[in-house]
2 protein chains.
Amino acid sequence: MIDTDELLSIRAAELYYEENKTQDEIGAVLRLTRWKVGRLLAQAKASGFIRIEIVHPRARRLIVERRLREHTGLSDAVVVSAAGVSTDEELQSRAAQAAADYLTALRPVPATLGISWGRTLHEVAQGLKPGWARGVNVVQINGGVSLNRREGTAAATAVTIAQKALGSATLLPSPAILERVETKLAIESDRAVATVLDLGSAASAYLFSAGQADENSALVDSGYLTADQVAELVRKGAVGDIVGRYINADGHIVDLELDERTIGIRLEQLRRAPTAIAVIAGSTKHAVARAIVSSGLCTVLVTDEDTALAVLGETH
Amino acid sequence: MIDTDELLSIRAAELYYEENKTQDEIGAVLRLTRWKVGRLLAQAKASGFIRIEIVHPRARRLIVERRLREHTGLSDAVVVSAAGVSTDEELQSRAAQAAADYLTALRPVPATLGISWGRTLHEVAQGLKPGWARGVNVVQINGGVSLNRREGTAAATAVTIAQKALGSATLLPSPAILERVETKLAIESDRAVATVLDLGSAASAYLFSAGQADENSALVDSGYLTADQVAELVRKGAVGDIVGRYINADGHIVDLELDERTIGIRLEQLRRAPTAIAVIAGSTKHAVARAIVSSGLCTVLVTDEDTALAVLGETH
DNA sequence: GGAAAACTTGCTCACATGAGCAGAGCCGCA
DNA sequence: TGCGGCTCTGCTCATGTGAGCAAGTTTTCC
């Protein structure tokens, strides 16, 4: 049988929150003093019977953000509401918009911003307001899309962010992954590439997303890897990729040989960065997000509610 | 683009409802006066961005109850929350419990209570507390289960309610539907049956449920009708049955011949009753509930949130 | 361009509410 | 039975909050 006080507190809550009665009026109805009513309401709240939710595409979940800050190594977190969202695309859009907002409010404004590329980053670029900053040098930190897709996606992202920041973009003129280590080393040592890589290593802040490890990965899409190769990586423990490098649940490189052929910033450099903003949302990216956060690959995580709970290890 | 004030009001709501900050503190954070913050919060509420829900099996939806009272002919309504409920059975249990509570609180306490039978009514009987009233004569108002199922369900319901009310039960010793009109007339005029019917006609209050019109109907289950017969009734427009009589969406008898062979209170008598409590819940019963309410077959409806919205014509 | 209308802003004031506290009632234990 | 500790109750008081108002600001329309 349910406790009498519990039932009373529910009746009180109904009158308070649905009928907008004052605690005094409720007291009159239920034959209680107004103080008792106040206590019942507090009890109902404490028991979790009262659920207050902010439903809006731009709503954030501050409570979850705080939990992330407290229970992980993150220095900051942005968690967008997943209320009323059915698709992963929608979640990613919300997170991207939130990342744009975060970037706009970021102080100090980074002189140099290192960015990766991909669908999510592109959306972040779209979400930024023209003039969001006054002069930021945007640098690509990993090799770009260029094999068999529309050439310009990666470049366009960097350029858009830079233009809207009234700054300049520095592109990394190189593929993401090369077939032979020798080629990679050669390209890397080329002055045009080396300069950009050095600039990227010294960026004041980083902004990047992550990809899940499956056949829908952007690296497969761009033709750098085949679905079979990714499947093999998964077999070796890969949960996803970050700046073109596949990691396992511990945040370690899965395939050293492949990694040696990948051009771009190294994970250690990212780990040392004072500001590394990861934008990762959608149900397919829970595992990567968790790996990235727990291994300290980012200092700030922009994500959705469900992914945040997964990172906290509270998957329902 | 989203209105600036709208975004601000969302930020304010986050700080107010999730972080429990005062409007003054929020003003300090967002660089606004506390009055502006108050207005933003009011705006957020008015726009429906703030959703407060009471999650508890015994929670009621007073707002929907009021809408029912205002927009239908009902004199009262009880609407239980459907939050976190997956099955129709659970919804029916909640409604049955709520009906038991309603009956307990009903004033004046009915001297004679006319009841139907069925799964729902049985649950209402279970949900009543022993001693919920002091002396109520419980009368069956329609023919009982008796053909091929456990004999006692209908009787047990009446007896349980009466016992718990420290009162007496008067059973209707008759089947629900007879095969020939002549038999029905004969039984009806038998003193033992006629007395009970008269008592039922003069009850101070009625409590009944309704059945959906499909092969799962209690009348099919009890062997009074075949699945085919019900299908035929549906073809003629039947949406469900109430005290053994099939009605269409307008609340009219679907098959006059069948109705002539049905024993129990007539719908006109129910329509004239000052207190007729219908307990109807579950997604399969939306249509019957609507028919019953709109044709004035009950004065009080005990139901679940979703059914209530269907009755109000707000199915999403 | 200027007046009227509509809206927004910062305020006063009254009311609603939560924190904190003293006393009442209840329980267990000697 | 009597004593100390426990919870629960009703209160005072300080604070948080919404209604209403006048002044300032923007918009609209001639």
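In what follows, chains are A, B, ... by sequence order, proteins preceding strands, each numbered from 1. This one's a predicted model, so the numbers in the text were calculated from it and none came from an experiment. Any value given below was found using the heavy atoms of this structure, including those in side chains, with hydrogens, waters and symmetry copies removed.
Listed nucleotides: D:dG18, D:dC13, C:dG10. Nearest to the side chain of B:R39: C:dG10. With distances taken from any side-chain atom of B:W35 to the nucleotides D:dC13, C:dC11, D:dG16, the minimum falls on C:dC11.
Between B:D304 and B:R61, none of the side-chain N atoms (NZ, or NE/NH1/NH2) sits under 4.0 Å from a carboxylate O, so this pair counts as no salt bridge. Under the 4.0 Å criterion applied to side-chain N and carboxylate O atoms, B:R67 and B:E70 are not assigned as salt-bridge partners. Between B:R58 and A:E6, none of the side-chain N atoms (NZ, or NE/NH1/NH2) sits under 4.0 Å from a carboxylate O, so this pair counts as no salt bridge. Between A:R60 and B:E18 there is no salt bridge, since none of the side-chain N atoms of the basic residue sits less than 4.0 Å from a carboxylate O of the acidic one.
Whole-Å rounding puts the B:Q23 CD to C:dG18 P distance at 14 Å. Remark: C1' of C:dG10 and CZ of B:R34 are 10 Å apart, rounded to the nearest angstrom. In this structure, CG of A:L8 is placed 14 Å from P of D:dC8, rounded to the nearest angstrom. Following rounding to the nearest Å, B:I26 (CD1) and D:dG16 (P) show an atom-to-atom distance of 12 Å. Per the geometry, CG belonging to A:D24 stands 8 Å off P belonging to C:dT17, to the nearest Å. Put simply, CD on B:Q43 is 9 Å from P on C:dT8, counting in whole angstrom units. Counting to the nearest Å, the C1' atom of D:dT9 and the CG atom of A:L32 are 12 Å from each other. Look at CG on B:L15: it is 16 Å from C1' on D:dG16, rounded to the nearest Å.
Recorded end-axis angle for the helix from C:dG1-D:dC30 to C:dA30-D:dT1 stands at 30°, based on five pairs per end and rounded to 10 degrees.
Among A:V279, A:L74, A:D76, the one residue that satisfies the side-chain contact (heavy atoms from CB on, under 4.5 Å) test with A:V300 is A:D76. When A:R119, A:R94, A:E123 are each tested for a side-chain contact (heavy atoms from CB on, under 4.5 Å) with A:E89, only one passes: A:R119.
An OP1 or OP2 oxygen of C:dG10 is reached within less than 4.0 angstrom by no side-chain nitrogen or oxygen of B:K36. Using a 4.0 Å cut-off, no side-chain N or O of A:Y16 falls inside it from OP1 or OP2 of C:dA16.
Between the side chains of A:N137 and A:S168, at least one donor N or O lies within less than 3.5 Å of an accepting N or O.
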